[in-house]
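Because only heavy atoms are used, hydrogens play no part in the values below, and waters and symmetry mates are left out as well, while side chains stay in.
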Amino acid sequence: MTNRERIPRWFMPIEGELRLGGRYQFKGNAGGSITRCEPPEALDVTWEFMGGMSWVTVRLEPESEGMRLTIEHIVHASDVDEHWKQYGPGAAGVGWELSLLGLGLHIASGGGTVELEAVEG
């Protein structure tokens, strides 16, 4: 779906072993384990943040003349912590919306880096 060099251009800097069974860490944010990696169609990871854990699935499928990107961020009711209780779906939703905005700008620019100033105003 992407690679180590392209992710920071639209999301945030990442470190770790980006392979099945490896661990990743977004600088200053979440990290976790890569539990499924079937390029370019499927990626599943644990999302470990502030002492809690949730799960993210990413799918890329052909649709019409383009592709459909589907992201699911899942937290089990038994795993709801104070962060999720306070913000509900917004606990992760706002971050994903901004990330997808960054991805859209990255694609529209032909693959260039999205500068923060371009989206702040």
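- By the side-chain hydrogen bond (donor to acceptor under 3.5 Å, both in side chains) test, Glu63 is found to be paired with Arg68, residues two or more places apart in sequence or in another chain being considered.
- Remark: side-chain polar atoms of Thr46 are paired, donor with acceptor, to backbone N or O of Ser33 under 3.5 angstrom.
- Taken to the nearest 0.5 Å, the CD atom of Glu15 stands 4.5 Å off from the NZ atom of Lys27.
- Applying the side-chain hydrogen bond (donor to acceptor under 3.5 Å, both in side chains) test to every pair with at least one member in residues 4-14, sequence neighbours left out, gives these pairs: Arg6-His106.
- Every ring-ring contact (aromatic ring centres under 6.0 Å, His included) that Tyr24 has, sequence neighbours left out, goes to Phe26.
- Applying the salt bridge (charged side-chain N to carboxylate O under 4.0 Å, His left out) test to every pair with at least one member in residues 30-54, sequence neighbours left out, gives these pairs: Arg23-Glu48, Arg36-Glu38, Asp44-Arg59.
- Criterion: ILVMFWY side-chain heavy atoms under 4.5 Å apart, direct or through other members. Under it, Met50 and Trp47 are part of a common hydrophobic cluster.
- Inter-residue side-chain proximity for Val56 and Trp96 is flagged as met; some heavy-atom pair is nearer than 4.5 Å.
- When hydrophobic clusters are built by joining Ile, Leu, Val, Met, Phe, Trp and Tyr residues whose side-chain heavy atoms come closer than 4.5 Å, directly or via intermediates, Ile107 is grouped together with Leu43.
- Here the closest heavy-atom approach between residue Ser99 and residue Phe11 is recorded as OG-CE1, 2.6 Å.
- By the side-chain hydrogen bond (donor to acceptor under 3.5 Å, both in side chains) test, Glu72 is found to be paired with Thr57, residues two or more places apart in sequence or in another chain being considered.
- Between Asn29 and Met12, the closest heavy-atom pair is CB-SD, 3.5 Å.
- With sequence neighbours excluded, the residues forming a side chain to side chain contact (heavy atoms under 4.5 Å, CB included) with Leu69 are Val58, Leu60, Ile71, Leu100, Leu103, listed by chain and number.
- For Gln25, there are no side-chain hydrogen bond (donor to acceptor under 3.5 Å, both in side chains) partners two or more places apart in sequence or in a different chain.
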